[in-house]
Amino acid sequence: MSRQYDPHVIEEKWQEVWKRDGVYDVTEDAGKPKYYVLEMFPYPSGDIHMGHVRNYTIGDVIARQFSMRGYSVLHPIGWDAFGLPAENAAIKSDSHPATWTYANIEKQKSSFVRMGFSYDWNRSVVTCDEGYYRWGQWTFLQFWERGLVERRMSPVNWCPSCKTVLANEQVIGEGVCWRCKSAVEKRDLEQWYYKITEYAQELLDDLDKLPGWPERVKTMQANWIGRSEGAEVEFELCDADGEPSGRMITVFTTRPDTLFGCSFFLLAPEHPLVHELVHGTGYAAAVADVVERAAKETAVERSMGEREKHGAFTGRYVVNPVNGEKVPVWVADYVLMDYGTGAVMAVPSGDQRDFEFARAYGLDVPPVVVRHDDPLAAELGERCDCHTRDVPWESAYDGPGVMVQSGVFTGMQGGKGSEGMRAVTEALKEKDQGRFAINFRLRDWLISRQRYWGNPIPAIHCPTCGLVPVPESDLPVRLPEDVDVTKGETLADHPGFYETTCPSCGGDARRETDTMDTFTCSSWYYLRYADARNDEAIWDTNKADYWMPVDQYIGGIEHAILHLLYSRFFTKVFRDLGLLTYDEPFTNLLTQGMVKKDGETMSKSKGNVVAPEDMIARYGADTLRVYILFMAPPDKDLEWSNEGLDGIYRWLARVWRFVSEAAEESASGCGVAAAGDDAAKKLRRETHRVIAKVSDDIARFQLNTAIAALMELTNAAYEYRNAVPVGSRDLPLQHEAAAALTMLIAPFAPHMAEELWLEVLGSESSVHCQAWPEFDPSAIQVDEIELAVQVNGKVRGKVTVAVGLAEEDIIAVALTAVSAWVEGKEVKKVVVVAGKLVSVVVAG
RNA sequence: GCGGGCGUGGCGGAAUUGGCAGACGCGCCGGAUUUAGGAUCCGGUGGGCAACCGUGGAGGUUCGAGUCCUCUCGCCCGCACCA
């Protein structure tokens, strides 16, 4: 009598064996093709949740299957361990961030082991380990040497709750902090930047090199980078008396063809010129009012959709370079200082925002590019000079049209990318008052953080030499342990840390006390896995070249911009530093859907968390793994429910019983050597159909249907056993089905498969080291096939015909089968679809 | 506003190129077995008495549409005063 399926007995046993035998340890094997499957590493914030289970189970199935297919598979894990939650938790529990972090890592690690994930633990990295973060500092120095590091004063995002600055990418939604969701404030501070904008064009262009990425992610990145083509135009500023001063102010515009319609000129409230222009004039008070009002607004208020626009005249004018017209300079709160130049040429007839502003303040709205069928086009006809100062429109028109009142350009095509746009820019170029230009929305990456639990920035402030990099030989700059975050301390409160001497002149100097954004740590961890224990270099180029790029990356959509954009940037810089030879780090990307409960994301505060550990304790890891994959395709959101778990457990027990009984029968010889009857053929056909189906489904990440196919094979096995009595069963064939099922199920339910393979089927070596079952096309061949017969689009009958029967014979049989529907009617047309159906069209 | 995506039984979801809609599982119904079971096994299960009707809705292309085209309704996500 065979044993019952008992996951709790077998799972722990195999986890220990796998660890003892190093089943998942890999090295560079020149004799095998490599495959690098990576899941985004976790933040050690506490116990693992269902999102982790889903993410890592998907990756584990892929890793295990590629391994069985003969690939040398790199499948590592680590922890993104620096960051604010550790500090907050330390304050709450009156301990040290490191204590909390390492305790959580241990907890998560043991959960991952209990889930049966096939990680090579020798390659594990923890970003707060000195052996890791020193290379992050080294990277900083390389970037600096290449001119990609800059420290500068600028308006920055400040999270008052996290008490640190944030990168643009970390301000999300309605202007809130990505981590704590507090409203972000603007402050003028001197900070460290990575010059990601130097790579803006390439980061955009190379999205085309990523056919294996979801369209959604690429679109989000493209929008974030935000490339605009247009022109820079220089306007000459007039002095207080209205006379040209010789000083130029540059604007960026995507529509130089509308330049003749520019009736006013705008400066952002934060623009450095504003104060100078109005200082001591009668306009100062009104302008200051606008400036102060804008400064008080939080980012949240700023992003509240369509707001009323406010502005004030500065009393000054600029000269429009195309027609010499003097246009008034206003300060307006809808002009952004951090996009373009902070100054804008306003064309109210062609831009809705300018239109609204002009209407609010009674400014001119001269038509300049109008629809071809607009009465204004005919009325203004050939007129080149600007005499119409207003339009009878309800809103601005920014589409393509004909240029009017535009000097020598009148009559030309206007619009985005139009001939008029090129012609006007060429004309400006000749006068040296403009040029073709491209503008990006992407800002440089602000990487400094005013927090303790991070990677110290390896720089020194010397009163004599200025900013000096820490010499490579002095790395790492160690994060001191005796900083008490529970008292609100940072590195800036720690003289033992910041008091130093200048590496250049030897004089007294102050060490930088900011740490790096945690996203700098996660921008290169996938490379470190290739050579995780290297103390001599960030990695050995041969090893990195063997494993990289990552063939399949799996993680949440929340990193569509943040982590994925930063990592692409790092890869390109490493390439330019000669550390790699390719352009993109992640060849294929799968963004797995979220695991929700009652329509919401699971969280402790909502009290709707289903703990994976509880499910493992009840059903075992294999059931949990299969269930979370079976519920939905990997890229779709998933609504968690405990309902179906019993069904999966039931199925695994059915597989267990079938394989056990098949093994027993084979051992006792209670059956026949080869039956060759219809039932046997059918089982063999199912076995091979499912081998093909599961292989194909895994390749397409349709893991839910792969499992469904395995259930079908199980059903077919039971159907066979119900149809054929003990003693008459085809033993080799039954064994083939049992072995195939065991191997096919191995990536999904690795513990049960191992137990069945080694202990029940009595094999010698781990199922996870076996060759993936091979599909035999001859096994699924059939002599006869059933065709549906349609009459006027409706299925009216079925016929079974020999494979390869001539078309006219098929038609004859088909017409007989549906004679009741065809009799007495004219058959107008018959379509035969090979192997599928016959479609008959009759008149009437 | 711009961009991406989704709408299929009571539920989760199948249906690679247009070819028998609802695979597979849950749930439910019936039966067998059992001292008993929320265990196990076998069978049934879109709606309708039927002809027929059914993939958010309305058209269209086609012998044939969940799939392609046009319009439309609803929901989700990302960015958003970006000049």
Side-chain angles (χ1 to χ4, degrees), chain A residues 4 172-175 214-224 226-228 230 251-255 258 266 268 302-309 332-336 338-347 350-354 356-357 398 439-442 557-558 560-561 594 599 626-627 630-633 635-648 650-651 653-654 657 693 696-697 700 702 704-712 714-715 718 722 786-798 828-842:
Chain A
Q4 291 260 304
I172 59 163
E174 315 252 277
E215 216 47 52
R216 179 159 67 131
V217 174
K218 289 191 278 187
T219 310
M220 281 166 76
Q221 291 212 359
N223 289 345
W224 186 260
R227 182 182 195 271
S228 293
V251 300
F252 173 77
T253 176
T254 53
R255 294 293 303 280
T258 64
L266 300 169
R302 273 214 162 194
S303 66
M304 283 292 185
E306 297 287 303
R307 297 165 318 133
E308 210 174 306
K309 297 168 175 57
D333 63 357
Y334 68 96
V335 179
L336 307 172
D338 56 6
Y339 183 77
T341 62
V344 171
M345 59 174 242
V347 182
D351 182 288
Q352 186 57 25
R353 296 155 298 171
D354 297 342
E356 286 165 20
F357 191 79
D398 62 5
N439 203 34
F440 290 96
R441 212 187 72 116
L442 182 71
I557 187 72
E558 67 272 18
I561 294 172
M594 290 195 292
V626 171
Y627 182 56
F630 183 65
M631 282 174 92
D635 57 331
K636 285 212 180 138
D637 281 357
L638 177 157
E639 171 69 28
W640 179 269
S641 148
N642 287 346
E643 289 292 299
L645 273 160
D646 289 315
I648 299 299
R650 221 154 29 221
W651 172 56
R654 263 159 64 79
R657 191 161 62 85
K693 168 84 175 150
D696 190 41
D697 279 353
R700 294 186 301 133
Q702 301 277 37
N704 54 331
T705 52
I707 292 165
L710 291 169
M711 289 171 173
E712 284 170 334
T714 313
N715 292 343
Y718 277 92
N722 287 336
E786 190 187 59
L787 302 178
V789 186
Q790 293 184 342
V791 180
N792 287 354
K794 292 198 165 70
V795 177
R796 297 301 188 188
K798 304 258 168 115
K828 297 183 76 174
K829 191 175 177 183
V830 181
V831 179
V832 178
V833 182
K836 299 265 183 185
L837 55 71
V838 181
S839 184
V840 182
V841 187
V842 296

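Order of the sequence lines sets the chain letters (A, B, ...), proteins ahead of strands, with each chain counted from 1.
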Undergrad: Whole angstroms only, please: what is the CG-C1' distance between A/D333 and B/rA83?
TA: 15 Å
Undergrad: How would you list, by chain and number, every residue that makes a side-chain hydrogen bond (donor to acceptor under 3.5 Å, both in side chains) with A/Q702, sequence neighbours excluded?
TA: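 side-chain hydrogen bond (donor to acceptor under 3.5 Å, both in side chains) list for A/Q702, sorted by chain: empty.
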Undergrad: Please identify each residue that fulfils side-chain contact (heavy atoms from CB on, under 4.5 Å) with A/N715, with sequence neighbours left out.
TA: A/R654
Undergrad: From C-beta outward on A/E712, which listed nucleotide comes closest to its side chain: B/rG27, B/rC20, B/rA23?
TA: B/rA23
Undergrad: Side chain of A/A708: nearest nucleotide among B/rA83, B/rA23, B/rA80?
TA: B/rA23
Undergrad: Check every atom of B/rC77, B/rC24, B/rC82 against the side chain of A/L336 and return the nucleotide holding the closest atom.
TA: B/rC82
Undergrad: State which residues pass side-chain hydrogen bond (donor to acceptor under 3.5 Å, both in side chains) with A/S839; sequence neighbours excluded, sorted by chain then number.
TA: none
Undergrad: Go through the structure and list residues passing salt bridge (charged side-chain N to carboxylate O under 4.0 Å, His left out) with A/E786, not counting sequence neighbours.
TA: none
Undergrad: For A/G340, which contact category applies under a 4.0 Å heavy-atom criterion: base, sugar-phosphate, or nothing?
TA: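 Nothing: the residue A/G340, judged by heavy atoms under 4.0 Å, touches no strand.
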Undergrad: What's A/V841 touching, base or sugar-phosphate or nothing? Going by heavy atoms closer than 4.0 Å.
TA: sugar-phosphate
Undergrad: At under 4.0 Å between heavy atoms, which parts of nucleotides 29-56 of chain B does protein reach? Answer with one letter per nucleotide, 5' to 3': B base, S sugar-phosphate only, - none.
TA: ----------SSSS---------SS---
Undergrad: Could I get a table of every N or O pair under 3.5 Å where one atom is in the protein and the other is in nucleotides 11-15 of chain B?
TA:
from: B/rG12; atom 1: O2'; to: A/M631; atom 2: O; distance (Å): 2.6
from: B/rG13; atom 1: O3'; to: A/N704; atom 2: ND2; distance (Å): 3.4
from: B/rA14; atom 1: OP1; to: A/N704; atom 2: ND2; distance (Å): 3.1

Undergrad: Of all residues at least two apart in sequence or in a different chain, which pass the side-chain hydrogen bond (donor to acceptor under 3.5 Å, both in side chains) check with A/E639?
TA: none
Undergrad: Which nucleotide sits closest to the side chain of A/R216: B/rC77, B/rG78, B/rC82?
TA: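 The listed nucleotide nearest to A/R216's side chain is B/rC77.
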Undergrad: Under 3.5 Å for both distances, Watson-Crick or G-U wobble, that's the pair rule; now give the dot-bracket for RNA chain B, with | marking pairs to another strand and [ ] for crossing ones.
TA: (((((((..(((......[....)))((((((.......))))))((....))..(((((..]....))))))))))))....
Undergrad: Taking salt bridge (charged side-chain N to carboxylate O under 4.0 Å, His left out) as the definition, give me every residue that meets it alongside A/E558, ordered by chain and number, with sequence neighbours left out.
TA: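 In terms of salt bridge (charged side-chain N to carboxylate O under 4.0 Å, His left out), with neighbours along the sequence ignored, A/E558 is linked to no residue.
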Undergrad: Check whether any side-chain heavy atom of A/R657 lies under 4.5 Å from a side-chain heavy atom of A/T714, and answer yes or no.
TA: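 No, every pair of side-chain atoms sits at 4.5 Å or beyond.
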Undergrad: Among B/rC20, B/rG3, B/rA83, find the nucleotide with the atom closest to the side chain of A/R353.
TA: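 My answer, after comparing the listed nucleotides, is B/rA83.
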Undergrad: Partners of A/D646 by side-chain hydrogen bond (donor to acceptor under 3.5 Å, both in side chains), sequence neighbours excluded?
TA: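 Listed in chain order: A/Y619.
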Undergrad: For A/D637, what residues pass the salt bridge (charged side-chain N to carboxylate O under 4.0 Å, His left out) criterion, not counting sequence neighbours?
TA: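 In terms of salt bridge (charged side-chain N to carboxylate O under 4.0 Å, His left out), with neighbours along the sequence ignored, A/D637 is linked to A/K596.
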Undergrad: Identify which nucleotide among B/rG19, B/rG4, B/rC20 has an atom closest to any side-chain atom of A/T219, counting heavy atoms from C-beta outward.
TA: B/rG4
Undergrad: Only counting residues at least two apart or in another chain, list the ones meeting salt bridge (charged side-chain N to carboxylate O under 4.0 Å, His left out) with A/D697.
TA: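 A/D697 satisfies salt bridge (charged side-chain N to carboxylate O under 4.0 Å, His left out) with A/K693, A/R700 once adjacent residues are dropped.
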Undergrad: Does A/S641 reach a base, just sugar-phosphate, or nothing at all? Heavy atoms under 4.0 Å.
TA: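 No contact.
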